[in-house]
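Every number for a ligand or one of its atoms is a count from 1 in the order of the listing.
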Amino acid sequence: MTLINTLFRYSHFRLTANRVSSIAINNLKAQHKSYSIDLKKDQVKMASEKLLPQIFKFVDQNVDSYKKLLKEAVAIPSVSCDVTYRDDCIRMVHWMQDKLKEVGATSELRDVGFQTIDGKEVKLPPVLVGVLGNDSKKNTICIYGHLDVQPALKSDGWETEPFELQERNGKLYGRGSTDDKGPVLGWLHAINAYKGVGEELPVNLKFVFECMEESGSEGLDALLIEQLKPEGFFNTVDYVCISDNYWLGTTKPCITYGLRGISYYFLEVECAKMDLHSGVYGGTVHEAMSDLIYLMDQLVDKDGKILISGIYDSVAPLTENEKKLYTTIDFDPEAYRKSIGADKLAQNGVKEQLLMHRWRYPSLSLHGIEGAAFQPGAKTVIPGKVIGKFSIRLVPNQEPEEIEQLVFDYINKKWKERGSPNKMRITAQSGRAWTENPDHPHYQAAARATKLIYQTDPDMSREGGSIPVTITLQEASGKNVLLLPMGAGDDMAHSQNEKINVRNYIEGIKLFAAYLYEVGKLPK
Ligand SMILES: C[C@H](N)C(=O)N[C@@H](Cc1c[nH]cn1)C(=O)O
Ligand SMILES: [Zn+2]
Ligand SMILES: [Zn+2]
């Protein structure tokens, strides 16, 4: 096989195994080098020496406008899990479509149907699908991001209004600043910076921006697999890039090749048709809340061990090679502990164990109870119906259907043991874990871009969070998928006072521009 054939096959081969041979990579490096020198010697030299510094200068000159646009985006409360914000979600997608148009992309809003809430059909926000450039000589990157956010109220403990972006001490506070509006806008700014210095983009781009990620990406898989794929959307895609995660710590950049999946449960117990006064009815009913607390307390022990029978059986075994990877990762458990204000961490605070339990072992979290009297004050109600919410972060080899069945069987068994006359119902929504090959040239290109911006080699990391569509994009495109985080590990996504550091936002824009440049240099 000739070198060029090797390369062609390599770059179009779907890498399901987690490693490729170092021979292939060395071949690729050699070819990559001669490609640059033979075909575009002067151009490449000019580009690497002048273009990116010019772009970086342009970015530094436009910081105020980048902050202003993020403020506009944060001001749209696109909370996907609460249907009262559904119009805001739709408005957010339209807003983004206008912005894509301004950078020269063509796009369409794809209808993904309805979601059923309490037996009612509610329209899902459309998915924004865009294209910028179709030069067959250039590589094409598919960029995914999400425009929806988790709920936030000032009364949750925010220092300022969550939907008003506020700058304090070099940090931009606001819901969605880091998850995921800042990074999504980062792509726009990077594209705009190429325009700003009068240079054409080194790659073609395709965009998939949704507004339901925080609520299980409803409708998106069907759009990608049943519509966009058959229509040929992925035929020209060479790489997929997602910026919807964070550095592990606060100073060292990373590139991410794995995510946990998620299996989210709604456990409902009903004892009466309405809420009851405990003074009037207390002592006469089997209370739903007591049943629910009993069930929820059977799920996980105080050290975080999941008590559901068989749950660990399919977890991918830890190999010696994998074990070694954890020792070199830059992660300070003590700084991590302090940053969240915990007295003591699980896993005895041992770095490798903490990382493994965050990335490669499942964890079960109890999130809350709908219908409970959670507001301040001594409310004396017996809730008629309560819904306990918990989730399990899934890891490689754990199939959602298999895990859901284990959970249902376990809850049914415990419910029988409880012997309550009340009504119990459990439902789930799940997405698989994802891993990718971090030795791929795509990751090397992103690492070069990262080093250029942050002057250090990034860690290759995994992450404990979930982006349900990642594995779908990997399967639909058959191409290498990479997560390129913009924000820092202490950004507090989903939490009170979510923020993005001005530095991460601005250097992140430069990182995206450099990444586009580096991927543009990869052989076609
Ligand atoms: C990692 C990503 N930025 C994120 O926050 N993902 C969410 C996705 C989700 C799934 N169900 C609800 N939200 C997460 O990991 O919780
Ligand atoms: Zn999120
Ligand atoms: Zn996100």
Side-chain angles (χ1 to χ4, degrees), residues 70 73-74 77-82 85 89 92 96 115 124-125 143-152 162 174-187 208-221 241-248 254-266 358-359 362-368 389-395 400 403-404 427-436 461-473 481-500 504 508:
L70 185 56
V74 166
S78 46
V79 178
S80 56
C81 69
D82 182 344
Y85 292 97
C89 289
M92 186 71 222
M96 189 62 196
Q115 117 187 92
L124 288 162
I143 291 169
Y144 161 87
H146 68 90
L147 302 164
D148 60 319
V149 293
Q150 289 274 329
R175 178 55 94 225
S177 54
T178 194
D179 182 16
D180 185 30
K181 292 180 179 178
V184 165
L185 295 191
W187 291 114
V208 177
F209 292 133
E210 66 158 323
C211 207
M212 281 300 285
E213 194 268 353
E214 301 290 6
S215 303
S217 291
E218 270 195 69
L220 186 59
D221 273 10
C241 187
I242 300 174
S243 183
D244 180 22
N245 65 315
Y246 329 96
W247 295 348
L248 187 54
C254 62
I255 301 175
T256 307
Y257 66 93
L259 289 165
R260 291 193 291 185
I262 186 165
S263 195
Y264 200 105
Y265 297 87
F266 300 87
R358 196 167 147 179
W359 295 350
S363 59
L364 188 150
S365 305
L366 306 179
H367 302 298
K389 293 184 275 194
F390 67 94
S391 73
I392 303 174
R393 294 288 171 170
L394 305 181
V395 296
I403 298 301
E404 285 176 12
T427 55
Q429 59 186 43
S430 304
R432 271 181 295 163
W434 161 80
T435 56
E436 184 54 277
S461 67
R462 281 163 68 167
E463 187 161 313
S466 316
I467 308 173
V469 75
T470 313
I471 195 159
T472 315
L473 286 168
V481 182
L482 173 146
L483 261 63
L484 190 58
M486 176 185 256
D490 63 351
D491 280 356
M492 304 313 284
H494 294 206
S495 183
Q496 295 93 340
N497 302 311
E498 176 182 345
K499 56 89 180 164
I500 190 162
N504 282 67

Participant: Look at atom 8 (C) of ligand 1 and say which protein heavy atom is nearest, naming residue and atom and giving the distance to 0.1 Å.
Facilitator: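 Going atom by atom, the protein heavy atom closest to atom 8 (C) of ligand 1 ends up being S466 O, 3.2 Å.
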
Participant: Can you tell which of R393, Q150, H494 gets a heavy atom nearest to atom 15 (O) of ligand 1?
Facilitator: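 That would be R393.
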
Participant: Would you check if there is a donor-acceptor pair between the side chains of E404 and Y265 at a distance under 3.5 Å?
Facilitator: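 Side-chain D/A pair, Y265 to E404: absent.
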
Participant: Ignoring water, what protein N, O or S atoms are under 2.8 Å from the Zn ion (ligand 2)?
Facilitator: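 You should have found D179 OD2, E214 OE1, E214 OE2, H494 NE2.
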
Participant: Considering non-hydrogen atoms only, spot the tightest contact between D148 and S80 and give its length.
Facilitator: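 Looks like OD2-OG, 2.7 Å.
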
Participant: Can you check whether L394 reaches R432 side chain to side chain, under 4.5 Å on heavy atoms?
Facilitator: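 They are not in side-chain contact.
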
Participant: If you take the nearest heavy atom of each of V149, N245, T178, D244, which one is closest to atom 2 (C) of ligand 1?
Facilitator: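 Ranked by closest heavy atom to atom 2 (C) of ligand 1, first place is D244.
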
Participant: Need the ligand 1 atom indices (1-based, order shown) with element for anything under 4.0 Å from a heavy-atom of D179.
Facilitator: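 Here the atoms of ligand 1 in question are 3 (N), 5 (O).
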
Participant: Mind checking the OG1-CG spacing from T256 to L484? Nearest 0.5 Å is all I need.
Facilitator: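 Nearest 0.5 Å value for the OG1-CG distance: 8.5 Å.
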
Participant: Which of the numbered atoms in ligand 1 are below 4.0 angstrom from a heavy atom of Y246?
Facilitator: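 Listed by number with element, the hits are 3 (N).
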
Participant: Any idea which heavy atoms bring Y85 and P77 closest together, and the distance?
Facilitator: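 So the minimum-distance heavy-atom pair works out to CD2-O, 3.3 Å.
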
Participant: Considering only non-hydrogen protein atoms, determine which one is nearest to atom 9 (C) of ligand 1 and report residue, atom name and distance to 0.1 Å.
Facilitator: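 Protein heavy atom with the smallest distance to atom 9 (C) of ligand 1: E213 O, 3.9 Å.
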
Participant: Between Y246 and A493, what is the shortest heavy-atom contact and its length?
Facilitator: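 Looking at all heavy atoms of both residues, the closest pair is OH-CB, 3.2 Å.
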
Participant: Roughly how far apart are I467 CD1 and L473 CG, rounded to 0.5 Å?
Facilitator: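 Here the interatomic distance stands at 10.0 Å.
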
Participant: Quick one: which ligand 1 atoms are inside 4.0 Å of a heavy atom on G465?
Facilitator: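 So the atoms of ligand 1 that pass are 15 (O).
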
Participant: How many angstroms lie between CD1 in I392 and OG in S363, if you round to the nearest 0.5 Å?
Facilitator: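 Reported to 0.5 Å precision, the distance equals 9.0 Å.
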
Participant: On a heavy-atom basis, which atom in G431 and which in P400 lie closest, and how many Å separate them?
Facilitator: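 Smallest heavy-atom distance, with atoms named: C-CG, 4.2 Å.
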
Participant: Can you sort out the partners of D244 under salt bridge (Lys or Arg N to Asp or Glu O under 4.0 Å), two or more places apart, ordered by chain and number?
Facilitator: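 If we apply the salt bridge (Lys or Arg N to Asp or Glu O under 4.0 Å) test to D244, skipping adjacent residues, there are no hits.
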
Participant: How long is the straight-line distance from CH2 of W359 back to CZ of R393, given to the nearest 0.5 Å?
Facilitator: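 Atom-to-atom, R393:CZ and W359:CH2 are 15.5 Å apart.
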
Participant: Measure the distance from atom 12 (C) of ligand 1 to every protein heavy atom, then report the residue, atom name and distance (to 0.1 Å) of the closest one.
Facilitator: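 Checking every protein heavy atom, the shortest distance to atom 12 (C) of ligand 1 gives E214 O, 3.2 Å.
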
Participant: Purely on distance, is any nitrogen or oxygen of E463 under 3.5 Å from one on ligand 1?
Facilitator: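 In this structure, E463 places no N or O atom under 3.5 Å from an N or O of ligand 1.
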
Participant: At under 4.0 Å between heavy atoms, which part of I467 makes contact with ligand 1: side chain, backbone, both or neither?
Facilitator: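 The answer is the side chain of I467.
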
